[in-house]
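The model shown is predicted, which means the values in this text are computed figures rather than measured ones. Throughout, residue positions are numbered sequentially from 1 according to the sequence presented. Whatever order the structure lists them in is the order used to number ligands and atoms, beginning at 1.
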Amino acid sequence: MRIILWLVLGVLVILALKKKARDMQSRAYQSRSEMGPASAPSAAPAHTVKDAEDMVSCAHCQLYVPVSDAVLRGELHFCSVAHADQHTH
Ligand SMILES: [Zn+2]
């Protein structure tokens, strides 16, 4: 029965060492990201991706919309399905 206690103790020591190694790694990563502004993963919310997106103007009202939000009819982009329908009718 005592061998189980030693096994548990050994596992705990291994887990503690692994946790310590992970802490040191994350600390090294943090100090690296403090030096370089490019490596800040938390400072990249979804809307910055949208800002970098290509903008197209609606062929009906000239409103600029991100290309992923635009409605494509043939060669023309529209801000909404309603404007696409108005243009084609
Ligand atoms: Zn429009």
Practice task
Output, in order, the C-alpha distance, side-chain angles, deciding distance and verdict of side chain to side chain contact (heavy atoms under 4.5 Å, CB included) for L76 and H60.
Solution key: CA-CA 9 Å; L76 300 170; H60 186 80; over 6 Å; no

Handout entry: Partner of V11 under side chain to side chain contact (heavy atoms under 4.5 Å, CB included), chosen from L15, V13, L7
Key =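 Result: among L15, V13, L7, L15 is the only option passing the side chain to side chain contact (heavy atoms under 4.5 Å, CB included) with V11.
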
Handout entry: The single option from Q25, K19, K20 passing side chain to side chain contact (heavy atoms under 4.5 Å, CB included) against D23
Key =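 Single side chain to side chain contact (heavy atoms under 4.5 Å, CB included) partner of D23 among Q25, K19, K20: K19.
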
Handout entry: E53 side chain to S68 backbone, donor-acceptor under 3.5 Å
Key =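 Judged by distance alone, yes, a pair lies under 3.5 Å.
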
Handout entry: Distance (rounded to the nearest 0.5 Å) between L9 CG and I4 CD1
Key =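 Reported value, rounded in 0.5 Å steps: 13.5 Å.
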
Problem - Heteroatoms of the protein, restricted to N/O/S, which lie under 2.8 Å from the Zn ion (ligand 1) - result: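 Hits for the Zn ion (ligand 1) below 2.8 Å: C58 SG, C61 SG, C79 SG, H83 ND1.
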
Exercise for the section: Test side chain to side chain contact (heavy atoms under 4.5 Å, CB included) on L63 and M55 and set out the steps. Expected result: CA-CA 10 Å; L63 182 80; M55 300 293 278; over 6 Å; no

